[in-house]
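To start, the structure under review is shown below, and the notes come after it.
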Amino acid sequence: MSNSSSNTQFHLLVFGNTRELQLLHFWLFLGIFLVALLANGLIISAIACDHHLHTPMYFFLLNLSLLDLGSISTTVPKSMASSLWNNRAISYAGCAAQVFLFLFLISAEFYLLTVMAYDRYVAICKPLHYGTLLGSRTCVHMAAAAWGCGFLSALMHTANTFSLPLCQGNAVDQFFCEIPQILKLACSDANLREVGVLAVGVCFAFGCFVFIVLSYVQIFRAVLRIPSEEGRHKTFSTCLPHLAVVSLFISTGTYAYLKPPSISSPSLDLVVAVLYSVVPPAVNPLIYSMRNHEISDALRKLMTGCFQKQ
């Protein structure tokens, strides 16, 4: 293919060359997808229905579940269909739409995780000012800013990526359209443009990362000053789930988008892509609800109410 205009479709990576492996991939991804739908749906329903959870922390958690639902729905169903029907093709427009939607949702999620770090910082380090600094209008504005920044970031990277001329064929070595894999198809002299755009994104991401780290330094210092062991345990239980989610998200996402080409391998790229695009939407609700009694109680009330109506 000489340039991007002559590409009418791309070919995605299929798990395995045998029909058995393809069906195994289909059923595995279907299981993960259903877990993500059910778990995030329950989190959203519990927070929306229980007025005790109408607080900034749970408002941001609701937004996180919405983003997780969107991101896994952007990539996994197409990959499942490819394995089930043994059809690797995705249209050029479909690939561009997938890149935009996925990048929009994971970028917004990263900015939202930064906002959630600020929420935990204010709650633990400035508890007397929590209601003032994080009022309902402020929370809505912060969440809207996270979604808006994700949208602009995705628009910038998608427009730039799909304006590059492609000289290396149309086979994408990933189970969904991912910018690093599409850049491998671009002409070598065209990559410099995306490097410049990527540098801008990295600066914003690094700023968010530094903010999260500094927030948790202050949080841990405040927690260690709490005299009672029970108080420290309770405070840590609200922070550690967020820290676990952030660590998994940042480590795998950084490797996927910033790794040097010299250490790239198809199998490792595939594992990392699954870890940052498929696993988090399924495990985030479990991480946040596992040691959170308020979420557990709200889910119990929700399920009890459903059974009583029946």
Side-chain angles (χ1 to χ4, degrees), residues 30-77 104-106 108-124 127 130-131 133-147 150 219 230 233-249 277-310:
L30 177 62
I32 296 174
F33 183 61
L34 292 177
V35 167
L37 288 182
L38 177 62
N40 284 289
L42 286 174
I43 291 288
I44 292 169
S45 300
I47 294 173
C49 295
D50 193 330
H51 70 277
H52 293 105
L53 300 184
H54 293 176
T55 63
M57 182 176 78
Y58 293 111
F59 171 72
F60 295 134
L61 181 56
L62 183 145
N63 277 266
L64 182 68
S65 291
L66 288 172
L67 290 168
D68 281 338
L69 276 178
S71 64
I72 198 169
S73 299
T74 301
T75 58
V76 169
F104 162 45
L105 294 163
I106 65 166
E109 182 166 336
F110 181 62
Y111 293 125
L112 185 67
L113 289 171
T114 306
V115 171
M116 293 173 76
Y118 176 71
D119 167 71
R120 291 298 82 209
Y121 164 74
V122 175
I124 293 169
Y130 188 68
L133 294 175
L134 285 167
S136 57
R137 182 174 296 182
T138 303
C139 291
V140 170
H141 289 166
M142 293 171 75
W147 286 78
I219 287 171
E230 182 181 352
H233 176 76
K234 184 177 180 181
T235 306
F236 269 127
S237 68
T238 66
C239 297
L240 293 181
H242 177 260
L243 194 59
V245 170
V246 169
S247 300
L248 175 64
F249 190 83
S277 66
V278 178
V279 173
V283 301
N284 282 356
L286 302 178
I287 291 174
Y288 277 104
S289 61
M290 192 180 304
R291 301 176 65 185
N292 189 311
H293 297 298
E294 292 178 322
I295 286 284
S296 300
D297 292 341
L299 289 172
R300 196 176 299 112
K301 291 178 185 177
L302 182 67
M303 300 303 293
T304 303
C306 291
F307 285 122
Q308 286 178 347
K309 288 180 181 180
Q310 292 178 354

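Residue numbers count from 1 along this sequence. A quick note: this is a predicted structure, and the numbers were derived from the prediction, not measured.
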From L66 CG over to I43 CD1, what is the distance, rounded to the nearest 0.5 angstrom?
11.5 Å
Heavy-atom nearest pair, P281 first then V278, reads CD-O, 3.3 Å
Side chain N63, main chain F59, donor-acceptor under 3.5 Å
yes
Heavy atoms of Y130 and P56 approach each other most closely as OH-CB, 3.3 Å
What distance do F104 atom CZ and W147 atom CH2 have between them, rounded to the nearest 0.5 Å?
5.5 Å
So which atom in L62 and which in A48 form the shortest heavy-atom distance, rounded to 0.1 Å?
CD1-N, 4.3 Å
Any chance you could measure T114, atom OG1, to E109, atom CD, to the nearest 0.5 Å?
11.0 Å
Whether the side chain of S247 engages the backbone of L243 through a donor-acceptor N/O pair (distance < 3.5 Å, no angle test) should be reported.
yes
Worked check of side chain to side chain contact (heavy atoms under 4.5 Å, CB included) between V140 and R137
CA-CA 5 Å; V140 170; R137 182 174 296 182; 5.8 Å; no
Measure the shortest side-chain to side-chain distance between L133 and T138 over non-hydrogen atoms and say whether it is less than 4.5 angstrom.
no
Under 6.0 Å from the NE2 atom of H52, do we count more than 12 heavy atoms belonging to anything else shown?
no
Measure the shortest side-chain to side-chain distance between L64 and L113 over non-hydrogen atoms and say whether it is less than 4.5 angstrom.
yes
Test V246 against M116 for side chain to side chain contact (heavy atoms under 4.5 Å, CB included), laying out the working first.
CA-CA 10 Å; V246 169; M116 293 173 76; over 6 Å; no
Quick check: does any side chain N or O of D50 sit under 3.5 Å from a backbone N or O of A46, one acting as donor and the other as acceptor?
no
For the CG atom of L69 and the CG atom of L37, what is their distance to the nearest 0.5 Å?
6.0 Å
Does the side chain of I106 reach to within under 4.5 Å of the side chain of L67, using non-hydrogen atoms?
no
Just by distance, do the side chain of D68 and the backbone of A36 share a donor-acceptor pair under 3.5 Å?
no
For a 4.5 angstrom cut-off between non-hydrogen side-chain atoms, does L61 reach L53?
no
Hey, what do you get for CG (L105) to OG (S277), rounding to the nearest 0.5 Å?
12.0 Å
What is the distance from atom CD1 of I219 to atom CD1 of I124, rounded to the nearest 0.5 Å?
4.5 Å
